[in-house]
Amino acid sequence: MKIKVDPLNPFNLEATLCCGQAFRWDKRAEWWYGVASGRVFKTRQTGETLEIENVNINFAKNYFGLIDELNNVFSQICKDPYIKRAVKMFSGLRILRQDPWECLISYICATYKNIAAIRHMLLNLSRRFGDKVCFDGLDFYTFPTAEDLAQASVNDLLRCGLGYRAKYVHETARTVAESPLDFARLRKKGYEEARHELVGLAGVGLKAADCILLFSLDKLQSFPVDVWVRRAVLRHYAGHFSKEFMARLREKESLASSDYEKLSLFGRTYFGEFAGYAQEYLYHYERTMG
DNA sequence: CAAGTGCCTTTATC
DNA sequence: AGATAAAGGCACT
């Protein structure tokens with residue numbers, strides 16, 4: 001099935017799948033293969049044509065964020081030459097709408113890890129606790145449900161390479177299996193309230209919560225601050241903060257939660273209702289060009 | 001090639 | 001409150 005992409009509302013499949021928001025996509029020859037919300041499907045882009053196979057078109061449009069009007073997003077977030085450069089470089093990168101449960105576990109696993117390692121952990125979890133699905137002669141695995149992971153022991157999870165995260169995944173899986181989080185309800189709630197409900201799940205701090213809100217719960221104002229975004233702020237947005245604060249940020253290894261809030265709130269107020277898009281462009285630009 | 005560094009941080013403990 | 005340390009192990013240099 002083919003979807004036409006409007007050049008005035010661009011889409012860049014490669015950047016969208018490579019920017020580190022989702023961890024379960026693989027390129028085999030021409031096609032990207034992925035598993036999302038229990039479906040295995042493939043996709044490729046040539047110019048203004050996006051091809052999808054084995055998936056419903058409305059699901060794909062929503063999943064790839066094609067519902068967002070990027071020209072409107074750009075007009076709102078392009079506040080300075082630096083973000084303009086990042087946007088120009090990766091124009092068409094979109095915020096995916098991932099499955100909230102998978103996103104939750106993914107970002108519990110993502111703490112203090114690099115992207116390659118995160119992919120490795122999530123593949124291990126899916127192989128061991130998900131269901132095998134064959135497609136195009138290749139084997140894929142659905143992401144395990146809360147019930148699946150609640151039944152896994154901490155030792156099982158350790159064998160997937162989760163390290164200290166194993167006990168957080170174990171605990172959060174049990175919590176969610178016991179009284180399922182109503183993600184649809186969280187999606188309808190405001191940013192602050194939804195965030196408050198996520199923080200406090202085992203292994204979910206402010207950063208992980210902001211990622212889950214942005215990548216799976218339609219909170220496009222969420223502005224997650226990781227080491228790369230922190231670097232981008234230090235290099236290009238220092239003028240928006242006091243000298244003392246910037247000096248502290250430079251010398252400290254880790255971010256105190258009050259410091260995190262300061263940076264994240266800056267992003268939300270400075271870039272506005274689509275701050276999450278700004279964050280993702282800055283993040284990707286800093287990682288690949290910095 | 002070995003060893004060191006860094007990683008989309010959170011939590012426990014002062 | 002606010003600072004500090006500890007926590008897998010993989011990938012990259």
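Remember, it's a predicted structure, so these values are computed and weren't measured experimentally. A, B, ... follow the sequence lines: proteins, then strands. Residue 1 opens every chain.
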Enumerate all atom pairs, one protein N or O and one N or O from nucleotides 1-4 of chain C, separated by less than 3.5 Å.
residue: C:dT4; atom: OP2; partner: A:K252; partner atom: NZ; Å: 2.5

Sugar-phosphate only, base, or nothing, as touched by A:V204 at under 4.0 Å among non-hydrogen atoms: sugar-phosphate
Sugar-phosphate, base or nothing in reach of A:E286, heavy atoms under 4.0 Å: nothing
ILVMFWY cluster membership beyond A:L8 - transitive side-chain contacts under 4.5 angstrom: none
Touch class at under 4.0 angstrom, heavy-atom based, for A:R231 against every strand present: sugar-phosphate
Solution key, residues 207-218 of chain A side-chain donor-acceptor pairs under 3.5 Å, sequence neighbours excluded:
residue: A:D210; atom: OD1; partner: A:Y191; partner atom: OH; Å: 2.6
residue: A:D210; atom: OD1; partner: A:R195; partner atom: NE; Å: 3.0
residue: A:D210; atom: OD1; partner: A:S222; partner atom: OG; Å: 3.4
residue: A:D210; atom: OD2; partner: A:R195; partner atom: NH2; Å: 3.1
residue: A:D210; atom: OD2; partner: A:Y260; partner atom: OH; Å: 2.6
residue: A:S216; atom: OG; partner: A:I212; partner atom: O; Å: 2.8
residue: A:D218; atom: OD1; partner: A:R97; partner atom: NE; Å: 2.7
residue: A:D218; atom: OD2; partner: A:R187; partner atom: NE; Å: 3.3

Gap between atom CE of A:M121 and atom CG of A:L157 - 0.5 Å precision: 11.5 Å
A:F241-A:F245 aromatic ring centre distance below 6.0 Å: yes
Touch class at under 4.0 angstrom, heavy-atom based, for A:Y168 against every strand present: sugar-phosphate
Side-chain H-bond candidate by donor/acceptor type, A:Y164 with A:T111, under 3.5 Å: yes
Secondary structure string for DNA chain B (Watson-Crick or G-U under 3.5 angstrom, | for other-strand pairs): ..|||||.||||||
For chain A, the stretch of DNA chain B it reaches, first to last nucleotide, under 4.0 Å of its heavy atoms: B:dG6 to B:dT11
Sugar-phosphate only, base, or nothing, as touched by A:A166 at under 4.0 Å among non-hydrogen atoms: nothing
Validation row, ring centre A:Y277 to ring centre A:F74 under 6.0 Å: no
Sub-3.5 Å pairs of nitrogen or oxygen atoms, protein against nucleotides 8-11 of chain C:
residue: C:dG8; atom: OP1; partner: A:Y164; partner atom: N; Å: 3.0
residue: C:dG8; atom: N7; partner: A:K113; partner atom: NZ; Å: 3.2
residue: C:dG8; atom: N7; partner: A:R165; partner atom: NH1; Å: 3.3
residue: C:dG8; atom: N7; partner: A:R165; partner atom: NH2; Å: 3.2
residue: C:dG8; atom: O6; partner: A:Y112; partner atom: O; Å: 3.3
residue: C:dG9; atom: N3; partner: A:K113; partner atom: NZ; Å: 3.2

P-based separation of B:dT13 from C:dG8 [nearest Å]: 15 Å
Sugar-phosphate, base or nothing in reach of A:C19, heavy atoms under 4.0 Å: base
Test of ring centre spacing under 6.0 Å for A:F23 and A:Y107: yes
A:Q45 versus A:E51, side-chain donor and acceptor atoms under 3.5 Å: no
Sugar-phosphate only, base, or nothing, as touched by A:L201 at under 4.0 Å among non-hydrogen atoms: sugar-phosphate
Charged tip of A:R39 within 45° of A:F59 ring normal and under 6.0 Å: yes
Touch class at under 4.0 angstrom, heavy-atom based, for A:Q21 against every strand present: base
